[in-house]
Amino acid sequence: MDATAGKELTAVEQMLCKAFPDVGPFGTSALEKALRKLEKFELACQGDDWADPECKATNTEALQYARARAVVKGLSWSLRESLQARGRTGTIERLMEEPFLGKSNATKIVEIFQTGTCQRTLARFERGEAPLDSEGNVRMWAHRHEHKATRPMTDGPAKVELSSVLCISAMTAIKLVHERNIRSIAQLRDRPEIVRELHGGHRLDHSLRFHEQLQEPVPAEDACEMLKTVRETVRALRVPRAAGWHAELVGGGRTRGRAGHDVDILLWHKEEMASFLSSQGPVFVLDILLGVLVEQGRVLPKGEAYFSRKCVASRHDDPRPYLRQIHMAQESSKGFENLQYDHHDKFFGIWRSARTGKLHRIDLVVCSHPEELPFARLAWTGTRTLNRLMRLRAIDLGLYLGAHCFVARGDREGTTETKVVVDAQAGRPPEVITLGKLEPLPFKYVQSEEDILRVLACGTNAFAKLVDPTNRNA
DNA sequence: TGGCAT
DNA sequence: CGTAT
DNA sequence: GCCA
């Protein structure tokens, strides 16, 4: 008996009740790939929200494709069998009963499943043409009403290719295509004066030079070696209770059980924060770790390759900076971009395999406070789409869910109080916590990813399939 | 009809 | 300026 | 484009 019994589930709830295995049992991988391509074309042509500081509009088309792909991954029935038994129309109707699929998406899914492509979108994108909307009109421009329509939907393949280069954002790729007539990485490599104009310096030169290597999947042997080396190195550092540091795979390495083109590693400690105070001010475990890894030749130094480190210097003055940030974001529309990142210390850089000498992207995240571990794990395990769904669910419950904690939004009509059902399982009295505006949910109620999922399910186990990270490939 | 993750 | 799930 |  769950708390939502009797009520219709929202689309987000229906999604979170599903399991999203990497490879499903119903032969949908080609369909999933096509939906992913469509999402990438939309992101490359329109720009992702964060790629454009001027505009915080949602790329709704990309969002539609991401959700459609997640629904397909989570399907508990066979499209092929349904098409045989009920035909095209019957299958479209059945798809429309799934969350987030209306007529447009359901029809598109069936077309792609049957023909391998979609004539009005994917086939046109792949030819470099602008797609057609559901009425058959050419979608020549990204529709962002609040700004001039300066982004043509043409040249998708060129934009996808150029923006796949580390240090080249979607916006830069769009400019390269339309202002400099660059249509491929090969063409960009032939124009050093244009590369120089991009102001990416040696980092861009390096990522252009090693682009192919950086795109290759990281072999399992190397991913294991990266994790092992990071773990052993951090445990040997001269920092407080060094032996208590842990390193684990997050990201695709955790949801798929194998690395993609990068390896994401989360570092955490049961008692220690990500930094400690010395007489000279805060010292970051990540900095000391990077110093050793660079010296050992495993991590490429910042003078040589892409190297991005973000540490929260104010942690010891303001232990919970995100509370202030959430407050700022609520009060003014500015300060919003500060929310796009969490406040765990992190490193985005390049690893050199000791075995093969090949280069691979690596992300290191150091959990900032011990009790935030389940939130850091959940967020950095993802996927991106699942994070968005879980955070949408949190919004429905009046909560903010980030990579640190739950915080009551307190922005509902009438009251600033938020009631959180932390436990409502059979045979027990339900446990309800009342929070004031911007008050975090105490960590004692959320000590694991399972606890977070239970809070999202109003104290029930309705979302328990997602406890297993291999079911999180939404 | 506003909102779409942080 | 570009970067993450 | 889909949902509440």
Side-chain angles (χ1 to χ4, degrees), chain A residues 8-15 38 42 47-53 56-68 71 96 98-108 121 133-135 139 143 163 165-173 198-201 203-204 207 250-255 260 262 264-266 306-310 322 325-326 329 336-344 346-349 361-365 375-396 399-407 409 469 472-474:
Chain A
E8 292 289 313
L9 297 182
T10 65
V12 173
E13 286 177 286
Q14 290 178 59
M15 288 298 280
L38 281 162
E42 293 288 352
D48 201 355
D49 343 323
W50 58 261
D52 182 2
K56 52 181 187 177
T58 311
N59 183 338
T60 59
E61 290 82 6
L63 178 59
Q64 290 303 313
Y65 291 126
R67 286 175 177 174
V71 173
M96 286 172 68
E98 294 288 332
F100 296 114
L101 300 187
K103 195 168 188 219
S104 170
N105 283 326
T107 307
K108 204 174 287 183
T121 57
D133 65 20
S134 44
E135 268 132 55
R139 264 178 62 214
H143 58 257
S163 63
V165 176
L166 186 64
C167 303
I168 298 184
S169 69
M171 298 307 291
T172 300
L198 295 178
H199 294 111
R203 297 182 188 204
L204 176 55
S207 52
V250 286
R254 184 152 181 246
T255 60
D262 78 344
D264 308 290
I265 294 171
L266 177 67
Y306 177 70
F307 185 109
S308 170
R309 158 206 175 275
K310 286 182 185 292
Y322 44 85
Q325 304 267 347
I326 294 164
F336 163 85
E337 52 277 17
N338 297 322
L339 274 176
Q340 302 213 161
Y341 265 116
D342 58 59
H343 294 81
H344 300 296
K346 55 183 73 69
F347 168 71
F348 309 127
R361 276 276 293 104
I362 181 170
D363 299 332
L364 300 175
V365 181
F375 292 90
R377 268 191 181 140
L378 193 70
W380 281 87
T381 299
T383 60
R384 168 168 142 124
T385 303
L386 191 65
N387 280 345
R388 295 169 88 171
L389 290 167
M390 292 187 294
R391 290 162 184 197
L392 227 29
R393 173 61 178 166
I395 291 172
D396 286 339
L399 298 170
Y400 161 104
L401 171 60
H404 298 274
C405 59
F406 278 121
V407 178
R409 304 175 83 95
R472 299 189 204 162
N473 294 281

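If you're wondering where the values come from, they're calculated on a predicted model, not measured in any experiment. These numbers come from the heavy atoms of this one structure, side chains and all, not from hydrogens, waters or symmetry mates. In what follows, chains are A, B, ... by sequence order, proteins preceding strands, each numbered from 1.
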Distance check: side-chain N/O of [X] vs OP1/OP2 of [N], anything under 4.0 Å?
| X | N | value |
| --- | --- | --- |
| A:Arg409 | B:dT6 | yes |
| A:Thr383 | C:dT5 | no |
| A:Arg384 | C:dT5 | no |

Could you tell me which residues satisfy ring pair (Phe, Tyr, Trp, His ring centres under 6.0 Å) with A:Phe348, sequence neighbours excluded, listed by chain and number?
->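 Partners of A:Phe348 by the ring pair (Phe, Tyr, Trp, His ring centres under 6.0 Å) criterion come out as none, since no residue qualifies.
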Under the ring pair (Phe, Tyr, Trp, His ring centres under 6.0 Å) test, residues paired with A:Phe406 that sit two or more places apart |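 Ring pair (Phe, Tyr, Trp, His ring centres under 6.0 Å) list for A:Phe406, sorted by chain: A:Phe375.
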Could you please name the option among [options] that lies closest to any side-chain atom of [X]?
| X | options | result |
| --- | --- | --- |
| A:Thr172 | C:dG2, C:dT3, D:dG1 | C:dG2 |
| A:Arg361 | C:dT3, D:dC3, B:dA5 | C:dT3 |
| A:Trp380 | B:dT6, B:dC4, C:dT5 | C:dT5 |
| A:Thr10 | D:dA4, C:dT3, C:dA4 | D:dA4 |
| A:Arg67 | C:dG2, B:dT6, D:dG1 | D:dG1 |
| A:Ala11 | D:dA4, C:dT3, B:dA5 | D:dA4 |
| A:Gln64 | D:dC2, C:dT3, B:dA5 | D:dC2 |

From [atom1] of [X] over to [atom2] of [N], roughly how many Å is that when rounded to an integer?
| X | N | atom1 | atom2 | answer |
| --- | --- | --- | --- | --- |
| A:Asn59 | D:dG1 | CG | C1' | 12 Å |
| A:Leu399 | B:dA5 | CG | C1' | 14 Å |
| A:Leu389 | B:dA5 | CG | C1' | 10 Å |
| A:Phe348 | C:dT5 | CZ | C1' | 9 Å |
| A:Leu101 | D:dC2 | CG | C1' | 9 Å |
| A:Asp133 | D:dG1 | CG | P | 7 Å |
| A:Leu63 | B:dC4 | CG | P | 11 Å |
| A:Asn387 | C:dA4 | CG | C1' | 10 Å |

Classify [X] by what it touches in the nucleic acid, base, sugar-phosphate, or nothing, heavy-atom distance under 4.0 Å.
| X | result |
| --- | --- |
| A:Ser134 | sugar-phosphate |
| A:Asp262 | sugar-phosphate |
| A:Leu166 | sugar-phosphate |
| A:Lys103 | sugar-phosphate |
| A:Ser308 | base |
| A:Leu401 | sugar-phosphate |
| A:Ile395 | sugar-phosphate |
| A:Asn105 | sugar-phosphate |
| A:Leu386 | nothing |

What distance, rounded to whole Å, do you find between the two P atoms, one in D:dC3 and one in B:dA5?
->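 Roughly 15 Å separates the two P atoms.
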Do A:Leu392 and A:Asp396 have side-chain heavy atoms sitting under 4.5 Å apart?
->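 With C-beta onward as the side chain, the pair stays apart.
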Pairwise side-chain contact, A:Glu98 with A:Gln14, heavy-atom cut-off 4.5 Å (strictly under) =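 A:Glu98 does not reach A:Gln14 side chain to side chain.
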Quick one: stems for DNA chain C, with Watson-Crick or G-U pairs under 3.5 Å, at least three in a row?
->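 If one scans DNA chain C for consecutive Watson-Crick or G-U pairs, no stem of 3 or more turns up.
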Minimum heavy-atom distance between A:Ser207 and A:Val165, given as atom pair plus value |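 Reported closest heavy-atom pair: OG-CG1, 4.2 Å.
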A:Lys108: what forms a salt bridge (charged side-chain N to carboxylate O under 4.0 Å, His left out) with it, not counting sequence neighbours?
->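 For A:Lys108, no residue satisfies salt bridge (charged side-chain N to carboxylate O under 4.0 Å, His left out) once neighbours in sequence are set aside.
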Which residues pass the side-chain contact (heavy atoms from CB on, under 4.5 Å) test with A:Arg391, sequence neighbours left out?
->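 Result, side-chain contact (heavy atoms from CB on, under 4.5 Å) vs A:Arg391: A:Ala379, A:Asn387, A:Leu401.
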Is a side-chain donor-acceptor pair under 3.5 Å present for A:Trp380 with A:Asp342?
->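 A donor-acceptor contact under 3.5 Å links the two side chains.
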Please list, chain by chain and in numerical order, all residues satisfying side-chain hydrogen bond (donor to acceptor under 3.5 Å, both in side chains) with A:Gln64, sequence neighbours excluded.
->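 Applying side-chain hydrogen bond (donor to acceptor under 3.5 Å, both in side chains) to A:Gln64 gives A:Asn105.
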